[in-house]
Student: 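The following block contains the structure, expressed as structure tokens.
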Amino acid sequence: MGRFYFHLRAGDELTSDDEGMDLPDLSAAKREAMLTARELLVEAIKSGKQTVPEAFVIADDEGRALDTISLAAVLPAPFNK
């Protein structure tokens with residue numbers, strides 16, 4: 001079990017996740033990032049937002065970036081290009 005942080009990247013800006021989440025491993029953190037990315041996109045569409053963050057940067061307790069999940073990666077195939 002480890003603590004993972006899901007920072008949001010928009011252009012050159014990184015919005016830090018100061019709380020994080022305890023998850024069993026990086027694979028579970030990636031699944032969580034993808035689920036959250038879907039939710040974020042749904043809310044953005046519902047509210048008519050024209051811009052959304054580009055990606056989640058998954059980091060560990062040491063602040064090391066472990067992986068990056070693009071929000072476009074969760075879109076259906078015709079839209080994720």
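Just so it is clear, the values below take in all heavy atoms, side chains as well, and ignore hydrogens, waters and symmetry mates.
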Student: Considering non-hydrogen atoms only, spot the tightest contact between Asp17 and His7 and give its length.
Tutor: N-ND1, 2.9 Å

Student: Regarding Asp18 and Tyr5, do their side chains bring together a donor and an acceptor under 3.5 Å, going by distance alone?
Tutor: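 Distance-only check fails for Asp18 and Tyr5.
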
Student: Ignoring hydrogens, what is the shortest heavy-atom contact between Ala10 and Pro53? Give both atom names and the distance.
Tutor: CB-CA, 4.0 Å

Student: Applying side chain to side chain contact (heavy atoms under 4.5 Å, CB included), run through Phe6 and Thr36 and close with a yes or a no.
Tutor: CA-CA 10 Å; Phe6 301 89; Thr36 304; over 6 Å; no

Student: Quick one: do Leu35 and Leu23 end up in the same hydrophobic cluster if we chain Ile, Leu, Val, Met, Phe, Trp and Tyr together by side-chain heavy atoms under 4.5 Å apart?
Tutor: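 They do not share one cluster, since no chain of ILVMFWY contacts under 4.5 Å joins Leu35 to Leu23.
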
Student: Which atoms form the tightest heavy-atom contact between Ala65 and Val57, and what is the distance?
Tutor: CB-CG1, 3.8 Å

Student: Can you list the steps and then say if Phe4 with Asp61 is a side chain to side chain contact (heavy atoms under 4.5 Å, CB included)?
Tutor: CA-CA 7 Å; Phe4 296 89; Asp61 269 336; over 6 Å; no

Student: For a quick test of reading the model, state the closest non-hydrogen atom pair linking Ala44 to Val52 and the distance between them.
Tutor: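 Here Ala44 and Val52 meet closest at CB-CG1, 3.3 Å.
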
Student: Given side chains that start at C-beta, do those of Leu71 and Leu41 come closer than 4.5 Å, heavy atoms only?
Tutor: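 With C-beta onward as the side chain, the pair touches.
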
Student: Determine the minimum heavy-atom distance between Thr68 and Ala55, stating which atoms define it.
Tutor: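 The pair with the smallest heavy-atom distance is CG2-CB, 3.6 Å.
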
Student: Do Leu66 and Leu14 belong together in a cluster built from hydrophobic side chains that touch within less than 4.5 Å?
Tutor: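 They do not share one cluster, since no chain of ILVMFWY contacts under 4.5 Å joins Leu66 to Leu14.
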
Student: Working to the nearest 0.5 angstrom, can you tell me the gap between Ser27 OG and Asp67 CG?
Tutor: 10.5 Å

Student: Can you name the nearest heavy-atom pair linking Ile58 to Ile69, along with the distance?
Tutor: CD1-CG1, 3.9 Å

Student: Which pairs count as salt bridge (Lys or Arg N to Asp or Glu O under 4.0 Å) when at least one residue sits in residues 3-16, sequence neighbours excluded?
Tutor: Arg3-Asp22, Arg9-Glu54

Student: Are Met21 and Leu26 connected into the same hydrophobic cluster when the rule is that any two of I, L, V, M, F, W, Y join if their side-chain heavy atoms are below 4.5 Å apart?
Tutor: yes

